[in-house]
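All remarks here apply to the structure that follows.
Quick note: numbers below take in every heavy atom, side chains included, and nothing from hydrogens, waters or symmetry partners. Indexing begins at 1, ligand by ligand and atom by atom, following the structure's order.
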Amino acid sequence: MKILVTGGAGYIGSHTIVELLQEGYDVVALDNFDNSYPSVLENIKSISGKNFDFAEVDIRNKTQLKQFISEQKDIAAVIHFAASKAVGESVALPLKYYENNVAGTVNLLEAMQENGIQQIVFSSSCTVYGEATPPVDENAAIPVAQSPYGNTKQICEEVLRDQSNATNLKVVALRYFNPIGAHESALIGELPIGVPNNLVPYITQTGIGKRATLTVHGNDYPTPDGTCIRDYIHVVDIAKAHVAAIDFLAKEKYHNPFSVFNLGTGQGNSVLEVIQAFEAVSGVKLNYQIGPRRSGDIIQIYADCQKAWDELGWKTLYDLEQSMASAWKWEQALAKK
Ligand SMILES: NC(=O)c1ccc[n+]([C@@H]2O[C@H](COP(=O)([O-])OP(=O)(O)OC[C@H]3O[C@@H](n4cnc5c(N)ncnc54)[C@H](O)[C@@H]3O)[C@@H](O)[C@H]2O)c1
């Protein structure tokens, strides 16, 4: 089976291509390198020992995208990662996000329809739940989005649902909680450009001395240690879930043309617990300080993953310490380059 991976040079896309190749799938990937580097492609090949096709394509360019997809033979399914993902930037530049994430997805669906490709796995996010009471399952209400980024994920899910009702399209939307960590080879991992938006790269960059101090945004929340709680999941577990989703579509295990699954560990960890896990696996005392709360942060969220366990036949393999150890190994490998 040949799978098209959009955003294949990115953080989650690169780990997913490794898993697909290792499971024997053929892969063709595209990326515009807006938030990634071409060298990632060679590293995927080194890890897997396998080759795959790649083209530099921008999904906003409808003509280019359609031409590229029409030239491909036998694409069975698409895994669609390509998007912009910085919440803060989306508040400042909403049109960039609606064009890339929403219009880009519409372009992709048009190209798929014209070429008879009827299966897609979509990268959604737990941000669609906003401030919900955890553990959150897939039936939780979807409130008004708190950022243009979050809104693009809600809108894309609706676009995909509508298109699956109108055509033969079959959709799996995967709502990721907080992906962290890196491949055990330390050849691929998260490559934040500039100041990291996410906690774990900020921790590892502080640990290695690239940043002076980590600020914990608030320790007076109504949680056991006062800091915010999230569901941190190893990126390789996320990648493996995409292979399970492709299998779920191929074997027609779905009850509806549009299926949605949470991808988390089912466990919440506080910011201080993540710092402690980092210190335990690295032996590095992290330089951090407590600062004021940050506007827009929700208090706590973690997933109810029962549906993915039951229907995708998928479970996480890695715990928080293993995830933090892999993130640290990756940061150390980056420092050597
Ligand atoms: N990492 C997270 O915390 C997280 C959480 C929830 C959902 N997601 C979603 O998962 C997906 C992948 O996230 P990631 O962390 O791997 O991000 P990433 O930025 O590392 O990867 C996205 C890739 O898409 C590419 N891209 C962006 N716009 C493109 C365009 N117009 N044409 C072609 N390629 C384009 C980028 O260059 C990048 O390589 C995104 O849709 C993101 O919104 C990520």
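- Heavy atoms of Gly104 come nearer than 4.0 angstrom to ligand 1 in no pair at all.
- Looking at Thr6, Asn178, Asn35, it is Asn35 that brings a heavy atom closest to atom 18 (P) of ligand 1.
- The shortest contact between atom 12 (C) of ligand 1 and any protein heavy atom is with Phe81 O, 3.7 Å.
- Using a 4.0 Å cut-off between heavy atoms, Glu190 makes no contact with ligand 1 at all.
- Inter-residue side-chain proximity for Leu65 and Leu30 is flagged as met; some heavy-atom pair is nearer than 4.5 Å.
- From the protein, the heavy atom lying nearest to atom 15 (O) of ligand 1 is Lys85 NZ, 2.7 Å.
- To the nearest 0.5 Å, the span separating CG on Leu20 from NE2 on His15 amounts to 13.0 Å.
- Contacts classified as ring-ring contact (aromatic ring centres under 6.0 Å, His included) and involving residues 306-337 (residues at least two apart or in different chains) are given here: His234-Tyr318, Phe278-Trp328.
- Near Ala9, meaning under 4.0 Å from one of its heavy atoms, ligand 1 places the atoms 39 (O).
- Ring-centre distance between Phe33 and Phe54: below the 6.0 Å cut-off.
- Between Asp31 and ligand 1, a contact under 3.5 Å exists for at least one N or O pair.
- One finds a salt bridge joining Glu19 and Lys240 here, because a Lys/Arg side-chain nitrogen approaches an Asp/Glu carboxylate oxygen to under 4.0 Å.
- At a 3.5 angstrom cut-off on N or O pairs, Gly7 does not count as close to ligand 1.
- Geometrically, ligand 1 and Phe177 share no nitrogen or oxygen pair separated by less than 3.5 Å.
- By the 6.0 Å and 45° rule, Lys85 does not stack over the aromatic ring of Tyr149.
- Of all protein heavy atoms, the one lying nearest to atom 32 (N) of ligand 1 is Ile59 N, 3.0 Å.
- When hydrophobic clusters are built by joining Ile, Leu, Val, Met, Phe, Trp and Tyr residues whose side-chain heavy atoms come closer than 4.5 Å, directly or via intermediates, Val27 is grouped together with Ile238.
- Distance from atom 28 (N) of ligand 1 to its nearest protein heavy atom, with residue and atom name: Asn100 ND2, 3.0 Å.
- Checked against the 6.0 Å centroid criterion, the rings of Phe81 and His242 qualify as a close aromatic pair.
- Considering only non-hydrogen protein atoms, atom 13 (O) of ligand 1 sits nearest to Ile12 CD1, 3.9 Å.
- With respect to atom 29 (C) of ligand 1, the closest heavy atom belonging to the protein is Asn32 OD1, 3.3 Å.
- Residue contacts with ligand 1: His80 is excluded, as none of its non-hydrogen atoms falls under 4.0 Å.
- If you check the side chains of Tyr232 and Thr265, you find no donor sitting under 3.5 Å from an acceptor.
- The cluster map of Ile, Leu, Val, Met, Phe, Trp and Tyr, joined by side-chain heavy atoms under 4.5 Å apart, puts Ile299 and Val271 in different clusters.
- Annotation for ligand 1: atoms under 4.0 Å from non-hydrogen atoms of Ser36 are 37 (O), 38 (C), 39 (O).
- Close approach to Asp34 involves these atoms of ligand 1, each under 4.0 Å from a residue heavy atom: 37 (O).
- At a heavy-atom cutoff of 4.0 Å, ligand 1 is contacted by no atom of Cys126, backbone or side chain.
- Of the candidates Tyr37, Tyr149, Tyr11, Tyr176, Tyr176 brings a heavy atom nearest to atom 10 (O) of ligand 1.
- Linking Ile, Leu, Val, Met, Phe, Trp and Tyr whenever their side-chain heavy atoms come within less than 4.5 Å puts Tyr202 and Ile290 in one cluster.
- Checked against a 3.5 angstrom limit, the closest N/O atoms of Ala82 and ligand 1 fall outside it.
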